[in-house]
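Only one structure is covered here, and it is reproduced in the block below.
Read the numbers this way: they start at 1 and go in the same order the structure lists the ligands and their atoms. Residue numbers start at 1 and run along the sequence shown.
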Amino acid sequence: MRNDFTFYNPTKIYFGRHAIDNLAEELRHYGKRVMLAYGKSAIKKMGLYDTVVEILTQAGKEIVDMPGIKPNPTYAQVLEGARLVRENDVDLILAVGGGSVIDCAKAISVAAYCDGDPWEKYWEKFEPVANRVVPVASILTMTGTASEMNAGSVITNEDKMIKGGRVFSPNVNPKFSILNPEYTYSVPKYQMVSGIFDIMSHLMEQYFSGDDDNTTDYIIEAILLSLIHSTRIALQNPTDYDARSNIMWCATMALNKITGVSKEQDWEVHAIEHQVGAYTDCTHGAGLAVVSIPYYKYIYRNGIAKFVRFAKNVWHIDTDHLTDDEAALAGIDALAKFIVEMGLPTRLRDLGTTEDMITKIAKSTVPGGGYRRVEASDIEYILRECF
Ligand code: NZQ
Ligand code: ZN
């Protein structure tokens, strides 16, 4: 653990079939007015909306409704939510849904009392939040992002054509999150596998960078092994509780800071996908699946030992008779095959990208990387490889 670190994650997790039973007790710590934030229709179809409204009503709360938060939540929705929070003097924002709903709730929580333009301050200039932050809590229904246990908030500014990610300080983390794996049973297969690839990508963004002998890399490998194992079971039987609960916890662990401890990190696959998303509104994990293979083929020689280790430890490839180059590529190939096995797309055109978008996406992506820095021209090459 070569690099000094501070680890602090203040989110309380209630996990399991009966996790919702803790909601009433938690609500006692907050004031009367609760904003109920959710997406289009999933929680109503599941009956979860009625359950939550009943618990809130019995707890004597006044509900401020914030429906219709879109996948890839927009800045316009953040501003609308912030206005509602101020007008109703909201005491707690309860996000019920996937990463988009929770990310939007966090954005609303920092934007409501921001003095100035929140986008400019928080998503462009990355200023620390000095204004009042409204507490957020979550009930998770779709697994992948780990937004339930982190301070990340990814918002699409439609006017600027930027999908911007920001990680706030831990006071923006949800105060508590309720995780019942059974809530994820109704997630459509495409969303399920997109969420699973998002988890894999979070792990790989942290793994493929920095090569001291550290415990964190072993933890990442272990989570990847569990995730691949449980994914194969969930693909056959989406209501296998053990598999869905493992996947849910893998997701939370993959981006609650524990798998980043002491590590340099990459995050360029995410940077590229966010701009693909800004132009196409594609599903986040599907975009990551498309971009990952050409990206890793482009950079692997700069971190070859780690890619060989990935082939051996994650995909159990016998590398004894292979050169390092062959072994590294065999690992990337195993990843590519798993993407196909899950039924995820492999081409940008399948996500609605048109050729005229490629240069614009490349130029608007924040350059960076782990083993190798990539600039707009490199990103354009990577995008053309998977177009
Ligand atoms: O709108 P509703 O009706 O709720 O439907 C949603 C949505 O269409 C549906 N869904 C959710 N739970 C369901 C369900 N359908 C049936 N049954 C259920 N139980 O699933 C769809 C996708 O939901 P969404 O919240 O968009 O998915 P996800 O959790 O993957 O979140 C994606 C967003 O999170 C950002 C992404 O960029 C994207 O904007 N990220 C957030 C991160 C963070 N906070 O740290 C990190 C990630 O890298 C990521 O960038
Ligand atoms: Zn992600």
Side-chain angles (χ1 to χ4, degrees), residues 9 11 36-49 66-75 77-78 95-107 136 138-157 162-168 172-174 177 179-206 238-239 244 247-248 251-252 254-257 259-260 265-278 280-289 291-292:
N9 190 318
T11 302
L36 183 53
Y38 54 100
K40 193 173 159 207
S41 55
I43 71 160
K44 289 198 173 164
K45 284 189 198 148
M46 293 160 66
L48 184 58
Y49 177 83
M66 176 70 198
I69 295 173
K70 296 180 195 159
N72 301 324
T74 65
Y75 186 50
Q77 291 191 299
V78 173
V96 187
S100 294
V101 173
I102 307 172
D103 279 15
C104 191
K106 290 179 212 163
V136 170
S138 84
I139 302 175
L140 188 66
T141 64
M142 145 90 206
T143 189
T145 65
S147 189
E148 66 276 11
M149 201 179 180
N150 69 34
S153 177
V154 183
I155 301 298
T156 299
N157 188 318
I162 297 286
K163 184 170 172 183
R166 167 74 200 263
V167 181
F168 291 102
V172 179
N173 272 50
S177 286
L179 278 61
N180 179 344
E182 289 177 344
Y183 295 161
T184 67
Y185 288 175
S186 55
V187 172
K189 187 194 165 208
Y190 185 74
Q191 288 292 343
M192 178 185 90
V193 292
S194 296
I196 288 168
F197 196 81
D198 192 20
I199 309 168
M200 293 189 88
S201 180
H202 296 160
L203 295 165
M204 293 187 293
E205 298 270 29
Q206 295 165 99
T239 57
R244 294 310 283 263
I247 293 168
M248 194 172 220
T252 307
L255 201 53
N256 69 355
K257 283 198 168 170
T259 48
Q265 301 179 21
D266 184 326
W267 293 106
E268 196 58 21
V269 172
H270 269 68
I272 299 170
E273 189 288 327
H274 282 174
Q275 276 317 95
V276 173
T280 64
D281 199 25
C282 68
T283 300
H284 174 61
L288 295 170
V291 171
S292 291

Inset, instruction - Examine the proximity of ligand 1 to Thr143 and report which part, side chain or backbone, both or neither, has a heavy atom under 4.0 Å away. - result: neither

Legend entry - Proximity winner for atom 29 (O) of ligand 1, if only heavy atoms of Gly99, Ser41, Gly68 are counted: Gly99

Inset, instruction - Could you list the atoms of ligand 1 found under 4.0 angstrom from a heavy atom of Lys163? - result: 36 (C), 37 (O), 38 (C), 39 (O)

Legend entry - Nearest-0.5 Å distance, NZ of residue Lys163 to CD1 of residue Ile155: 9.5 Å

Inset, instruction - Tell me yes or no: between the side chains of Thr156 and Asn72, is some donor less than 3.5 Å from an acceptor? - result: no

Inset, instruction - Examine the proximity of ligand 1 to Pro188 and report which part, side chain or backbone, both or neither, has a heavy atom under 4.0 Å away. - result: side chain

Inset, instruction - May I ask you to list the atoms of ligand 1 that are less than 4.0 angstrom from any heavy atom of Gly39? - result: 1 (O), 4 (O)

Inset, instruction - Sort out for me which residue in Gln206, His202, Glu205 forms a side chain to side chain donor-acceptor pair (under 3.5 Å) with Thr259. - result: Gln206

Inset, instruction - Record the part of Tyr185 in heavy-atom contact with ligand 1 below 4.0 Å; permitted values are side chain, backbone, both and neither. - result: neither

Legend entry - Closest approach of Gly144 to Ala251 (non-hydrogen atoms, all atoms of both residues): N-CB, 3.8 Å

Legend entry - Side chains of Lys106 and Ser147, donor plus acceptor under 3.5 Å: yes

Inset, instruction - Specify the protein heavy atom at minimum distance from atom 12 (N) of ligand 1: its residue, its atom name, and the distance to 0.1 Å. - result: Thr141 OG1, 2.8 Å

Legend entry - Gap separating the CG atom of Asn180 from the CD atom of Glu182, nearest 0.5 angstrom: 5.0 Å

Legend entry - Residue pair Pro238 / Tyr185: nearest heavy atoms and the distance that separates them: O-CD2, 3.6 Å

Legend entry - Selection from His284, His274, Lys45, Met142 by shortest heavy-atom distance to atom 30 (O) of ligand 1: Met142

Inset, instruction - Starting from atom 45 (O) of ligand 1, locate the nearest protein heavy atom and write down its residue, its atom name and how far away it is, to 0.1 Å. - result: Asn150 ND2, 3.0 Å

Legend entry - Residue, atom name and distance, where the atom is the protein heavy atom closest to atom 1 (O) of ligand 1: Lys40 N, 2.8 Å

Inset, instruction - Please name the atom of Asp198, restricted to N, O or S, that is closest to the Zn ion (ligand 2). - result: OD1

Legend entry - Whether Glu273 lies under 4.0 Å from ligand 1, heavy atom: no

Inset, instruction - Name whichever N, O or S atom of His270 ends up nearest to the Zn ion (ligand 2). - result: NE2

Inset, instruction - Quick one: look up the protein heavy atom nearest atom 33 (C) of ligand 1 and list residue, atom name and how far away it is. - result: Ser100 OG, 3.3 Å

Legend entry - Region of Asp198 engaging ligand 1 - heavy atom pairs below 4.0 Å: side chain

Legend entry - Separation of Met204 CE from Leu288 CG (nearest 0.5 Å): 8.5 Å

Legend entry - Thr184 side chain to Met142 backbone, donor-acceptor under 3.5 Å: no

Inset, instruction - Determine if the distance from atom 41 (C) of ligand 1 to the closest protein heavy atom is below 4.0 Å. - result: yes

Inset, instruction - For Ser147, take its heavy atoms, then give the atoms of ligand 1 lying under 4.0 Å from any of them. - result: 44 (N)

Legend entry - Heavy-atom nearest neighbour in the protein, as seen from atom 47 (C) of ligand 1, with distance rounded to 0.1 Å: His202 NE2, 3.4 Å

Inset, instruction - Can you see which heavy atom on Asp281 is nearest to which on Pro71, and at what distance? - result: OD1-O, 3.9 Å

Legend entry - Heavy-atom nearest neighbour of atom 38 (C) of ligand 1 within options Asn72, Asp103, Val154, Val187: Asn72

Inset, instruction - Measure the CD-NE2 distance between Gln191 and His284 for me, rounded to the nearest 0.5 Å. - result: 11.5 Å

Inset, instruction - Quick one: look up the protein heavy atom nearest atom 34 (O) of ligand 1 and list residue, atom name and how far away it is. - result: Thr145 CG2, 3.3 Å

Legend entry - Heavy-atom nearest neighbour in the protein, as seen from atom 8 (O) of ligand 1, with distance rounded to 0.1 Å: Pro71 CG, 3.7 Å

Legend entry - Apex the Zn ion (ligand 2); atoms His202 NE2 and His284 NE2; angle rounded to 10 degrees: 170°

Inset, instruction - May I ask you to decide if Asn256's main-chain N or O and Asn9's side chain share a donor-acceptor pair within less than 3.5 Å? - result: yes

Inset, instruction - Rounded to the nearest 0.5 Å, what's the gap from CG on Asn150 to OG1 on Thr252? Could you check? - result: 9.5 Å

Legend entry - Option of least heavy-atom distance to atom 14 (C) of ligand 1 (set: Gly152, Ser186, Ala42): Ala42

Inset, instruction - Measure the distance from atom 22 (C) of ligand 1 to every protein heavy atom, then report the residue, atom name and distance (to 0.1 Å) of the closest one. - result: Gln191 OE1, 3.4 Å

Legend entry - Interfacing atoms of ligand 1 (cut-off 4.0 Å, heavy-atom, His270): 48 (O)

Legend entry - Any Leu48 side-chain heavy atom under 4.5 Å of Thr141 side chain: yes

Legend entry - Within-shell test, Ala151 vs ligand 1, heavy atom, strictly < 4.0 Å: no

Legend entry - Cys104 side, atom SG; Gln77 side, atom CD - distance, nearest 0.5 Å: 5.5 Å

